[in-house]
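Take a look at the structure set out below.
No hydrogens, no waters, no symmetry mates; every other heavy atom, side chains included, goes into these values. The sequence lines fix the lettering, A, B, ..., with proteins before strands; numbering per chain opens at 1.
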6 protein chains.
Amino acid sequence: MLIQALFFFSLLVASTQAFDFCVADPSLPVGPAGYSCKKTADVTVDDFIFSLAASGNTSNIISAAVTPAFPPTFAGVNGLGISIARLDFAVGGVIPFHTHPGGSEILVVIQGQLCAGFISSLENQVYFKTLVKGDVMAFPRGLLHFQFNSGKSPALAFVSFSSPNPGLQVTDFAFFKNDLPTEIVAKTTFLDIPQIKKLKAILGGTN
Amino acid sequence: MLIQALFFFSLLVASTQAFDFCVADPSLPVGPAGYSCKKTADVTVDDFIFSLAASGNTSNIISAAVTPAFPPTFAGVNGLGISIARLDFAVGGVIPFHTHPGGSEILVVIQGQLCAGFISSLENQVYFKTLVKGDVMAFPRGLLHFQFNSGKSPALAFVSFSSPNPGLQVTDFAFFKNDLPTEIVAKTTFLDIPQIKKLKAILGGTN
Amino acid sequence: MLIQALFFFSLLVASTQAFDFCVADPSLPVGPAGYSCKKTADVTVDDFIFSLAASGNTSNIISAAVTPAFPPTFAGVNGLGISIARLDFAVGGVIPFHTHPGGSEILVVIQGQLCAGFISSLENQVYFKTLVKGDVMAFPRGLLHFQFNSGKSPALAFVSFSSPNPGLQVTDFAFFKNDLPTEIVAKTTFLDIPQIKKLKAILGGTN
Amino acid sequence: MLIQALFFFSLLVASTQAFDFCVADPSLPVGPAGYSCKKTADVTVDDFIFSLAASGNTSNIISAAVTPAFPPTFAGVNGLGISIARLDFAVGGVIPFHTHPGGSEILVVIQGQLCAGFISSLENQVYFKTLVKGDVMAFPRGLLHFQFNSGKSPALAFVSFSSPNPGLQVTDFAFFKNDLPTEIVAKTTFLDIPQIKKLKAILGGTN
Amino acid sequence: MLIQALFFFSLLVASTQAFDFCVADPSLPVGPAGYSCKKTADVTVDDFIFSLAASGNTSNIISAAVTPAFPPTFAGVNGLGISIARLDFAVGGVIPFHTHPGGSEILVVIQGQLCAGFISSLENQVYFKTLVKGDVMAFPRGLLHFQFNSGKSPALAFVSFSSPNPGLQVTDFAFFKNDLPTEIVAKTTFLDIPQIKKLKAILGGTN
Amino acid sequence: MLIQALFFFSLLVASTQAFDFCVADPSLPVGPAGYSCKKTADVTVDDFIFSLAASGNTSNIISAAVTPAFPPTFAGVNGLGISIARLDFAVGGVIPFHTHPGGSEILVVIQGQLCAGFISSLENQVYFKTLVKGDVMAFPRGLLHFQFNSGKSPALAFVSFSSPNPGLQVTDFAFFKNDLPTEIVAKTTFLDIPQIKKLKAILGGTN
């Protein structure tokens, strides 16, 4: 009986690649759907595990840190339609306005108190609230949103995304941390020139 | 022979609804995939036609106008994965930095000269150029982008989207045209309070 | 200038429904893509917030509890491609073998120690490991997986899914917690009749 | 222990609608993703079963018959991404050139001999072959294809589609079985007027 | 006129790759969306044809056989969203409880009598029935289901899937045909140790 | 402060590939989702720009020209879900009946007058109308449609598609511009042999 079982579905496993998962192999070409897959024979459980145990370094301009678990570093989520990141906030820490062009976000507060919100498109409606430990908040795909520590102690949250590659576009960085000429920034944001120059100086923008 | 043909595929057309298209009926419920469909029997060619012949009114703060052809006004594109809008620019006109959370955009210049660009996420790389008549430019989904008239005469362009409901989030409107408290705007944008108050005043924001 | 701004994009906001999100209205019809949307005017920030602060009741057969944040209870994630749940494990607690037919899962350990694993299809390869605080593990869509408390204290984890409606099919419940006749269970699982009857008795199955 | 099990996952089943399936309820609105779902409590196994046992009536102009199992008649496949149809061919029977705008097709020959083929877009390459019992052939989405009985006895095949609503556009019917004016047909097909009039007469077209 | 036609759409066919189909080339990298495509010039009609004429060998533990037509063996369905398999059942044959993580299934009975069923998630509702020649049954994506020969003669069916890579996870094989330690199987299935050891012995599991 | 900002999100940009876009690199393998991506470091703004300024050559059999902006020529739209083409019509010009198997189309008339229409599947309903400058018309995915110059001067239109790879299958070319044997064309189209031979001669078909 044992022998017979070995023949069962034998045709099925003759294929070189199953499609249960597609662990990223960054040495191979990347396509619109993500990274190419590592050979199944080379996949181990560690491809599906990632440690977000360490607190991010919040000694920076925003007193906060984003530690992502995205491919190819977290190779196992390639193609799975999901990913995760850790958010650390020192007292006063803030994740400034940003979007994820590639996915929706869900946040759960593990420690501390956060104020979080997003803005709808077209009507520019504000949806924001103070969140405490155990609170979950959803942020729809592509919309501007923010989180900041509104409490008196450090805060910790985890955010998951509906894509392994959600992207992250911080508005301030897009406006002020590159070489887009100041006059174009002014024309397309209505901000005053001194304001733009001040933030370019802080964030490392030129022109 | 004619009679026989009438029986052919008769079972197929017995269903109450074909799925070639799903013309929006805004009186029925809306779901994540779009509007409910009008009965096929009530659909006419006019559901698939929309006039963008008229120039938008550019006598406004941006000297530009966006005239969209989206459902439910343009009912026929509901569910089709595409839509279109007309962009008019007076001399000096600008479509300020904005995103479309729901889709990519492709622009074709019909008249005049535009400067257009977008910013990548993560690396904040700027991609911008001057476009002339006949030039096409693509703007990837969800990324911040802008267009402004860089010529000496009015300009006209059409933009198509990879979704019937691309959305439109103008950064300035999201920051300054609602009741998000000024101190939160300051905290999450690093902008100075006077700058925020100035733009709230212009755009109609409160708090 | 203020007045002029009010006209800007006026056509865009004339539509009755934006598509940034689609908060579930369970009183309306449900379709393959999810619940119908609540009118935007009735949406509040609370639709996007859900509390998973309370520990689930682990005084049950598995010494564990799953507390989901799915629509329509968590109305805001309808259509967003993501959802979340809280997992509580008493000492010895176990989430038995199960699948989520509708989505991939990503787990983060908040407290305690878990042993977690999944089995690939076709090759029946086992991927399992002991996870500690801060560890993240991904479970590909539809594959059999399990988690159990392998430590000496209670454990807590959050799991996110790549769908608002991932589903949950516990193998034991599918086999033993309904009226599927015992002889059919035996024929289709190769389990012995007494084993089946024992588990049907525990889980409430009949026939 | 039995009692305790009843509490397990109790929150999960409190929702009014699972998303394992979405059996079509044609009395409710239809959306871009398909029919609205019947209440789960009203679903029975018969919603997932359809008989294609009866041979279609091939006493018609093509000596062939297509018997589809599509929603809402076959309500269970709504939203599942698949459907099926039965093809009967008398001797000399033919399914003329047609497309399925909404899905790919896979055909398996159960009895008899068929000649089947499709044409690629852009390069107009022909892919056709004679198929015998047990042969499977795939037809990519949206491409023109045909099947005809090339043997000396009746033939039977089943065709499955990658959508519950693949659609069926028979080229001859699109050209000749409606009121599109003859001169427009001529202009847009390059066919001669007498040819068009002849086929309009056979298929019931006017104008 | 002939010459002129050769110029028509000449730009379109200058691209190196059409996207009507993407025949699998297993020598190239695999990605989340499937195999890389063979060059169009190398594609022949035989890439789209596969013979399922031969009965599978049912001299095995389940007295049944599954003969799949999946890529890369059936290279033409790569990327098309559909695939097919042949099911042979000797008298008493059974396809034990299993899932397809990657797709829904539709079955048509060609010969004999089958009992087939599936179990819903969350509510564990059983949907099963006896099927005869010509009966079609749908099995929603990812749900546990089974088929067995409930007649007195051999049975034959074809099953199509809503994906070229549906996967196949046989619950018994996942539990008992690998090296998952017996104590973990017991803990996560509630099965008795002797039962687990017995099935591991039959199916070739270790530990 | 500047220094500190450089550390912010540093983990995020360590990945070798962002997924904002996937500019086609035709030297790498192609998959079902499109071309492989060029390295982000090699991407320039010109990858997202394409000139459709030049009128197509309408000195051909149809007195019209289609000038597409598709990948790999227009590399930037690969993976973005959108593309565009320019349509030029001399007086009397016609784009004969055709389909786009891979996407819906939206057309805007820039100059002149067009008659455009499509045919629904199953019911063969005709939807057609005369369009003038500024008119937009949508053509649902995969359906037969046509456009011709119904005015007395040249016409110009732009058409966008809901896919970077919509494909283009001109019915006449599929029937008459290849080596499909005349008797098979006759059998599968009901056209008369002389009509087929006449069009094969014009379009370059053989057999």
Side-chain angles (χ1 to χ4, degrees), chain B residues 1-45 47-48 70-83 102-103 161-167, chain D residues 22 24 26-37 52 54 56-75 78-79 83 85-86 95-96 98-103 163-170 172-174 176-177 198-205:
Chain B
M1 229 176 198
L2 174 62
I3 301 302
Q4 292 172 323
L6 298 181
F7 292 118
F8 181 41
F9 293 138
S10 58
L11 281 169
L12 285 174
V13 298
S15 61
T16 56
Q17 184 74 37
F19 284 87
D20 292 333
F21 43 72
C22 175
V23 175
D25 180 341
S27 72
L28 295 175
V30 179
Y35 289 89
S36 291
C37 319
K38 192 190 272 200
K39 293 278 179 204
T40 303
D42 298 335
V43 171
T44 72
V45 67
D47 288 314
F48 298 98
F70 295 169
T73 316
F74 187 13
V77 291
N78 183 52
L80 292 195
I82 198 157
S83 60
F161 302 97
S162 66
S163 164
N165 312 295
Chain D
C22 175
S27 72
L28 295 175
V30 179
Y35 289 88
S36 290
C37 319
L52 289 176
N57 180 1
T58 60
S59 298
N60 56 33
I61 193 176
I62 58 167
S63 298
V66 178
T67 311
F70 295 170
T73 316
F74 187 15
N78 183 53
S83 61
R86 174 189 175 119
I95 310 288
H98 63 283
T99 65
H100 304 288
S163 164
N165 311 295
L168 168 57
Q169 183 160 55
V170 180
D172 267 12
F173 290 10
F176 310 120
K177 198 184 172 184
K198 178 179 170 186
L199 285 165
K200 277 196 172 243
I202 292 172
L203 293 168

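When all heavy atoms of C22(B) and G31(D) are compared, the closest pair comes out as SG-C, 3.8 Å. Closest non-hydrogen pair, S36(B) versus P29(D), comes out as OG-CB, 3.5 Å.
The aromatic ring centroids of F70(D) and F19(B) lie 6.0 Å or more from each other.
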